[in-house]
Amino acid sequence: MIEGIPITHVLIVSAFMFFAGICGFIVRRNMITILMSIELILNAVSINMVVFNKYLFPDQLQGHFFALFIVGIAAAEASVAIALIINIYRRLASINVEQVNEMKH
Amino acid sequence: MDYSYTLLILLIPFLAFVFIGLAGMKFKPVVSGLIGTVGLGLVFMLSWYTAWQYFFVGGLVDGEYPKIIAMSVDWLHFSSSLTIRMGILLDPISVMMLVVVSSVSFMVHIYSLGYMKGEKGFARFYSFLSLFTFSMLGLVVATNIFQMYVFWELVGVSSFLLIGFYYQKPSAVAASKKAFIVTRFADLGFLIGILLLSFFTQTFDFEILTRSDHSIFSNAASSTFMGMSVLTWSCILIFMGGAGKSAMFPFHIWLPDAMEGPTPVSALIHAATMVVAGVFLVARMFPVFYFQAPDALDVVAYVGGFTSLFAAIIACTQYDIKRILAFSTLSQIGYMMLALGVSGFDGHEGTGYMASMFHLFTHAFFKALLFLGAGAIIHAVHSNVMQDMGGLRKYLPVTHITFLIACLTIAGVPFLSAFFSKDEILVAAYHHDKLLFAVEFLVAGITAFYMFRLYFTVFWGKERQYHHTPHEAPRVMTIPLMILAFGSIFAGYLPFARLVTADSRPFESHLDFGIAIPSVLIGLAGIVLAWILYRKESSLPERIVRSLGGFYRMVYHKFYVDEIYLFITRNIIFNYISRPVAWFDRHVVDGAMNGIGWITVTSSKMIRGLQSGNVPQYGMVFALGAIVLVLVFAFLIR
Amino acid sequence: MALNVWMFYFLATVIAVCSVLTITSRRILRAAFYLLCVLVATAGLYFLFDYQFMAGVQLVLYAGGIVVLIIFSILLTSHISQKFPKPEAIRLITGIVVGVSGFALAMLAILKYAFKATDSAAIRIDMHTIGNQLLGTGKNGYALPFEVISILLLAAMIGAIIIAKKGK
């Protein structure tokens, strides 16, 4: 608990980052920028976990470890995503997400 | 007496139809013809044997000829009170009809071996002939009115198939459609009549309906509809069905056009057998008509009388020989209907009934003879119209003599068969209704006139140049002619009143000279008039035609009845009834179905849009969906 | 105001501004840089919370690992000097609507809820505790998730290699 900073302020910051990430996911066209938006989302969630742990449950470490695992998973996911993007670039010579639309009706 | 062998009379033609129909194309055509003919020969012998057994060996039981049910099987069993049976009923008129139908059919089968030789559908023709014979025989031995209706429709179908035999000719197709539609329309009345009658009497069975105990009608006696009792309505409606099949006015329009079929078909169906089905129906239902609905009998008599006059007048102006014979058939059937209409029931009162059946019997022979003779003429000259014929007596001797015998018969010349039968009809009419008597008396004269007009124009008249000499028909065609001529001469000597009567009790009939002599005289007058006008080439007929002017034109066009019907159907029914109904069907009914399809396709297209492959769109849907769900669950649902 | 409060608001501002810039920047390398700023600011926030281990992991993995990976892939696949075209209007509007509505919803939830802290005493977070709990199998042990995530990382590694391999 940090004196002077109510929990809601921190949560507002993380919520802002989260929805910025979602907005970026919808708006952006380049696949790597979409990946960056996803990282923003994960990061926001991570902050949320840490904050809840620190403010509401200071006697446990569950939020802390959750955030740790989120970082680990984000790393794994980013690496696989980059591999996919590189493969797509090789086939289509472009990483515009609108051109990757073969799984449709 | 065991009459179960009568089942063979029905079974043999049916099996012939099936066999020839399925396997006929695999053999040479003449094999199908022979199978059909041999089968009919067996039926012919069985029918005469049955008649002999019934009338002479079995004979009278308690003073009357019994109604014998040779066999009866339950066909459709709905409940204990509603069961439809099929069976064979033997009584004087059905046995007589068995003889008539099988004899004429047998003659036609033999004749067609020669007439239809070389035709493309030879096997098909014989299978249809067998089908028709089966249906007609089934109709006459029906035990209940429902079975009769079933076979009635079968006969209509066979007629349709045979009229449209030359299916590549549009006129033949149109004629067969017309025949079927007109008779089907009349059968609507028949069906409603059957339903009415069976509803009020709770039975279809002829034996019960025609019993002398009239208790089953007590239910119906009190119900009336629009002023007439329901029984009268049902009898009139049943007569409507008979009128359609027998081509009474106003349902007569199909019979002249039915001449598009091959001539043996015209002989069998449209002269001797099918068209008398209506007469047979009224005769079968006669006790019901006489005791419960005497007004219906009056309708029968007047319709018959009117039709015979109407048809006789038209026949005087036609040039196609088959059409003349068709109108002659209409006229003679009018005679038979009239005779039934004026008839009483007990003993001597029932002369009309007896005369009608007698005339049916003799008419079958001479009309079939006339048609088959016309077939021989057409075969020789290759044309149907009188203007292409003349002086044929030199080239076709046998045909000439037999045709002459038939013409003399129909004119009512004494000692030939129709003299006796027509005389009985005139006697019955005289004692009942003088107006009808006068009409029929006049028609007798007109009949003689137009038949001899036909005879003289074809066999005497102008000598024409034929591009190839007409030759006599082969023996296979002339032998039936000779047999039928024999029948035409001698059939009148059968003591009919001792065999077929209204109450099945024989009585003695005698010749009434007071009526016979005037009718012979008017017949001879008709013959003489025709002699004067047509025996030699003369301009007298044309002068008469010109002086009659508009009246002649109207009669030549058959009083424009066909045109009136066409006008009513095309302009009125098609425009005001069919078009709206068709519009409704196309737009509302089909529209609803198409609409359901369209909705399905369109909504699926819209749903499909969700799978666009566009990843950011997926993300948006996901996020939006999550937000909406949170809203719903957190705030709206408590 | 205490310095940490001031620090907090500074870091919060950096996070907010840089995350917006990440998603709106029209040059891709700049977007990657802004992402890096966001991640470093988050690490700063963790330091403020006294979660040094977490902050360290954040810096090493996220900032040092993932962002470097992203920059590598940018260099491999894009022309770094070209500008992105502006996004279509409808896409922009949809994104903004979704984002704003979601943010409003979240705000509503945050502000309305009464957060109640627990009464138990805080424990001291140091490497000793973290280590014991991470590999412990008792009540608060995270040995199983630890093993699972290590398998996940292995699978991700193998998957990435196979996907990115130059196939025959």
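Basis for what follows: all heavy atoms, side chains included, without hydrogens, waters or symmetry-related copies.
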Contacting region of [X] [heavy-atom separation from chain A under 4.5 Å]:
X: L134(C); value: both
X: I66(C); value: side chain
X: A155(C); value: neither
X: F72(C); value: neither
X: K139(C); value: neither
X: L35(C); value: side chain
X: I130(C); value: both
X: F84(C); value: side chain
X: I15(C); value: side chain
X: M54(C); value: both

request  = Return the orientation label for the F19(A) and F103(C) ring planes: parallel under 30°, perpendicular over 60°, tilted otherwise.
outcome  = perpendicular

Checklist entry - What is the ring orientation for W6(C) with F10(C), classed by angle as parallel under 30°, tilted 30 to 60°, or perpendicular over 60°? => result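 Geometry flag for F10(C) against W6(C): parallel rings.
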
Using a cut-off of under 4.5 Å on heavy-atom pairs, state which of [options] scores highest against chain C.
options: M36(A), R28(A), Q60(A), H64(A); answer: R28(A)
options: A83(A), G24(A), A78(A); answer: A83(A)
options: L68(A), L42(A), L84(A); answer: L68(A)
options: I34(A), N30(A), I86(A), I85(A); answer: N30(A)
options: A44(A), S14(A), C23(A), G21(A); answer: C23(A)
options: M17(A), E39(A), M31(A); answer: E39(A)

Q | Any residue of residues 92-100 of chain A which, by heavy atoms, sits under 4.5 Å from chain C | A |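 Checking residues 92-100 of chain A against chain C gives I95(A), V97(A), E98(A).
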
Contact leader toward chain A among [options], where contacts are heavy-atom pairs under 4.5 Å:
options: G95(C), G159(C), P87(C); value: G95(C)
options: S150(C), P145(C), A106(C); value: P145(C)
options: D50(C), I110(C), T77(C); value: T77(C)
options: L69(C), L61(C), V98(C), L152(C); value: L69(C)

- Query: Which residues satisfy the side-chain contact (heavy atoms from CB on, under 4.5 Å) test with I41(A), sequence neighbours excluded?
  - Reply: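 Testing I41(A) for side-chain contact (heavy atoms from CB on, under 4.5 Å), a comparison that skips the adjacent residues, returns F18(A), I22(A).
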
Q: Indicate whether the side chain of D126(C) and that of T129(C) have a donor and an acceptor atom separated by less than 3.5 Å.
A: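 Yes, a side-chain donor-acceptor pair sits under 3.5 Å.
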
Examine the side chains of Y34(C) and T24(C) and answer whether a donor and an acceptor come within less than 3.5 Å of each other.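 T24(C) and Y34(C) do not have a side-chain donor-acceptor pair below 3.5 Å.
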
| said: With heavy-atom distances below 4.5 Å as the criterion, would you say the side chains of K54(A) and I7(A) are in contact? | reply: no

* To do: Identify which part of Y89(A) has an atom lying under 4.5 Å from any heavy atom of chain C, answering side chain, backbone, both or neither.
  =>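 Only the side chain of Y89(A) comes within 4.5 Å of chain C.
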
Is I47(A) close to chain C through its backbone or its side chain, or both, or neither, when contacts mean heavy atoms under 4.5 Å?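 For I47(A), heavy atoms of backbone and side chain both lie under 4.5 Å from chain C.
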
Discussion item. With a 6.0 Å cut-off (strictly less than), is the heavy-atom count around CD1 of I90(C), excluding the residue itself, greater than 12?
Written reply: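 Not more than 12 within 6.0 Å, no.
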
